[in-house]
Enquirer: 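Structure provided below as structure tokens; questions to follow.
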Protein chains: 2
Amino acid sequence: MTGCTLSVVTEETPRKRVRDPEAHRAAILDAARRAFAEHGYDRATIRDIAARAGVTHGLVMRHFGSKEQLFIAAVPGPRDLADVLPGDPATLPERVAAAFVERMENADHADPFITLVRSAPSREKAAKLYDEMRRASLDPYLASVTGPDAEERVDLLAAHLIGVTFSRYVVRSEPLATMSPERLTDHLARTLRAILLG
Amino acid sequence: MTGCTLSVVTEETPRKRVRDPEAHRAAILDAARRAFAEHGYDRATIRDIAARAGVTHGLVMRHFGSKEQLFIAAVPGPRDLADVLPGDPATLPERVAAAFVERMENADHADPFITLVRSAPSREKAAKLYDEMRRASLDPYLASVTGPDAEERVDLLAAHLIGVTFSRYVVRSEPLATMSPERLTDHLARTLRAILLG
DNA sequence: GTCGCTAATGACCAAGCGTTCATTACGTGG
DNA sequence: CCACGTAATGAACGCTTGGTCATTAGCGAC
């Protein structure tokens with residue numbers, strides 16, 4: 001396992017260097033996504049991200065310049081919840097509920113949404129990024145939701161999804177954390193219906 | 001403004017000492033509440049709290065032993081949302097909505113609920129404390145809400161309030177952040193009704 | 001092969017953190 | 001009025017962090 005020729009235990013074993021910028025860059029991005037999702041912006045460290053990616057923290061700095069730029073590069077815009085908009089407006093709540101649950105369940109606790117909910121409360125910059133993404137995700141809805149208070153209702157829809165994300169995926173408190181996806185979808189559909197159309 | 005007798009600008013001016021443990025302890029607790037609510041557990045610092053309280057950080061340690069113990073001492077259980085339970089079950093959603101909005105609006109962005117929403121996402125310990133308080137706050141509701149899925153509905157109610165808190169009081173995104181309390185109460189009542197009784 | 005470009009390393013730095021503790025000075029009981 | 005208990009101070013420490021940079025080594029061009 002040592003691989004290195006005849007090294008004493010205490011001896012320094014300078015790591016073998018692999019020269020592959022693109023693969024390293026991709027590995028760092030992936031590691032950063034996971035680390036930021038697990039710990040939030042503040043408690044995630046460049047050194048931990050580098051270790052996960054199998055490189056040194058110096059290389060992370062070389063590729064991304066700063067922790068903040070890495071965050072911006074690693075946390076992509078939320079995978080869309082907007083492709084569910086076309087269709088009968090009367091069943092929009094059900095479609096949104098199903099799309100949300102499916103997306104989150106498949107993300108293995110590393111969805112950008114989770115990352116932002118973890119990071120925004122304590123980082124002004126993350127809060128700004130969160131707000132941009134939220135706005136971009138929600139804008140398409142304004143065209144599909146009618147009524148004078150459409151904007152408010154869409155915002156309340158977002159707030160509800162944030163609350164569920166917080167409880168189920170971030171803090172993971174019971175009974176929401178272990179509720180079956182189907183049951184969650186039902187509850188969500190009912191509530192979103194009241195928010196949007198009630 | 002200097003107050004000190006003939007001190008040169010560069011000269012050290014050892015602060016006058018006031019001996020008042022109880023007042024200092026109270027001042028520290030108040031400063032801690034505000035600091036934790038503004039920045040969350042991680043980004044609040046003992047030195048800043050001490051400065052707000054007009055003492056040195058050594059004194060904070062002397063009185064509370066550690067940052068964690070200070071947090072536990074400073075963030076009291078959420079002021080109750082349970083005294084609203086007695087009454088016609090059919091109007092419970094309206095009463096909860098009104099109580100929640102009134103409590104949050106009067107807290108000047110320093111409600112324990114806000115502190116926990118800010119701290120729990122990135123601190124395991126804060127998350128535990130959050131869970132305890134949530135459970136204590138919600139338990140009384142289980143007696144008032146009927147049906148086989150009462151526990152789930154109560155949890156979803158909590159999730160919705162978390163989401164609204166997050167958007168309106170923590171990240172302060174529009175339009176929720178500037179919505180009038182009355183309007184917010186209306187929206188909340190309608191949504192909580194769907195969650196609890198829908 | 002070897003030369004040069006640059007990817008990659010790891011030692012280093014300064015700042016900020018929570019925490020410790022020797023020292024100081026306030027105020028009270030004698 | 002002095003002496004003592006202790007509230008309060010602030011210097012110091014150890015650690016972690018994000019960030020810098022001189023040095024090293026892989027690899028393609030020639």
Side-chain angles (χ1 to χ4, degrees), chain A residues 3-5 10-29 31-32 35-36 38-74 119 122-126, chain B residues 4-5 7 10-29 31-32 35-36 38-74 119 122-126:
Chain A
C4 305
T5 57
T10 60
E11 194 175 328
E12 300 289 329
T13 52
R15 58 198 299 162
K16 185 159 195 307
R17 293 192 185 183
V18 211
R19 207 184 176 84
D20 192 341
E22 293 188 16
H24 282 162
R25 189 183 170 89
I28 291 169
L29 279 175
F36 284 134
E38 275 178 38
H39 304 121
Y41 180 87
D42 276 322
R43 294 184 64 80
T45 73
I46 292 188
R47 279 170 173 82
D48 172 57
I49 291 169
R52 290 184 196 222
V55 299
T56 58
H57 71 277
L59 187 64
V60 176
M61 296 305 295
R62 177 181 172 84
H63 275 299
F64 296 95
S66 73
K67 186 182 183 181
E68 191 177 310
Q69 286 176 263
L70 174 60
F71 185 77
I72 291 171
S119 306
S122 56
R123 273 312 260 220
E124 199 64 28
K125 274 282 174 59
Chain B
C4 307
T5 57
S7 64
T10 61
E11 193 174 331
E12 299 289 329
T13 52
R15 58 198 298 163
K16 183 154 195 310
R17 294 192 185 183
V18 224
R19 209 182 176 85
D20 193 340
E22 294 188 15
H24 283 162
R25 189 183 170 88
I28 291 168
L29 279 174
F36 283 133
E38 275 179 38
H39 303 122
Y41 181 87
D42 276 323
R43 294 184 64 81
T45 73
I46 290 190
R47 281 169 172 84
D48 172 58
I49 291 169
R52 292 183 195 221
V55 298
T56 57
H57 64 279
L59 188 63
V60 177
M61 296 304 295
R62 177 181 173 84
H63 275 299
F64 296 95
S66 73
K67 185 182 184 181
E68 193 178 309
Q69 286 176 262
L70 173 60
F71 185 78
I72 291 171
S119 305
S122 57
R123 273 311 261 220
E124 199 64 28
K125 275 283 173 57

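Worth saying up front: this structure is predicted, and the values here are computed from it rather than measured. Just so we're on the same page: letters track the sequence lines, and every chain starts at 1.
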Enquirer: What is the distance from CD of B/Glu68 to C1' of C/dT19, rounded to the nearest Å?
Expert: 14 Å
Enquirer: Reckon B/Ala23 touches a base, only the sugar-phosphate, or nothing at all at heavy-atom distances under 4.0 Å?
Expert: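 B/Ala23: no heavy atom of the nucleic acid under 4.0 Å.
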Enquirer: Shortest non-hydrogen contact from B/Ala35 to B/Ala44?
Expert: O-CB, 3.9 Å
Enquirer: Nearest whole angstrom, please: distance from the P of C/dG18 to the CG of A/Asp42.
Expert: 13 Å
Enquirer: About how many Å separate CD1 of B/Ile72 and CD of B/Gln69, when rounded to the nearest 0.5 Å?
Expert: 7.0 Å
Enquirer: Please list, chain by chain and in numerical order, all residues satisfying side-chain hydrogen bond (donor to acceptor under 3.5 Å, both in side chains) with B/Ser122, sequence neighbours excluded.
Expert: B/Asp42
Enquirer: Expressed in angstrom and rounded to an integer, what is the separation of A/Met61 atom CE from D/dA22 atom P?
Expert: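 The distance from CE of A/Met61 to P of D/dA22 comes to 16 Å, rounded to the nearest Å.
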Enquirer: If you assign each of A/Gly65 and A/Arg43 to its closest nucleotide in DNA chain D, which residue comes earlier from the 5' end?
Expert: A/Arg43
Enquirer: NE2 of B/His39 versus P of C/dG18: gap in Å, rounded?
Expert: 13 Å
Enquirer: From A/Arg52 CZ over to A/Glu38 CD, what is the distance, rounded to the nearest 0.5 angstrom?
Expert: 4.0 Å
Enquirer: Which heavy atom of B/Leu29 sits nearest to which heavy atom of B/Ala74, and what is that distance?
Expert: CD2-CA, 3.7 Å
Enquirer: Would you give a per-nucleotide map of nucleotides 3-8 of chain C, 5' to 3', where B means the base has a protein non-hydrogen atom under 4.0 Å away, S means only the sugar-phosphate does, and - means neither?
Expert: --BBBB
Enquirer: Heavy atoms within less than 4.0 Å of DNA chain C: which residues of residues 46-54 of chain B have one? Give them sorted by number.
Expert: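 Going residue by residue through residues 46-54 of chain B, the ones with a heavy atom under 4.0 Å of DNA chain C turn out to be B/Ile46, B/Arg47.
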Enquirer: Measure the spacing between CD of B/Glu124 and NE2 of A/His39 and express it to the nearest 0.5 Å.
Expert: 9.5 Å
Enquirer: Any idea how B/Phe36 and B/Phe71 line up, ring-wise: parallel (<30°), tilted (30 to 60°), or perpendicular (>60°)?
Expert: perpendicular
Enquirer: Identify the two heavy atoms, one from A/Ile49 and one from A/Ile28, that lie closest to each other, and give their separation to 0.1 Å.
Expert: CG2-O, 3.9 Å
Enquirer: Can you tell me whether the side chain of A/His57 and the base of D/dG19 have a donor-acceptor pair closer than 3.5 Å?
Expert: yes
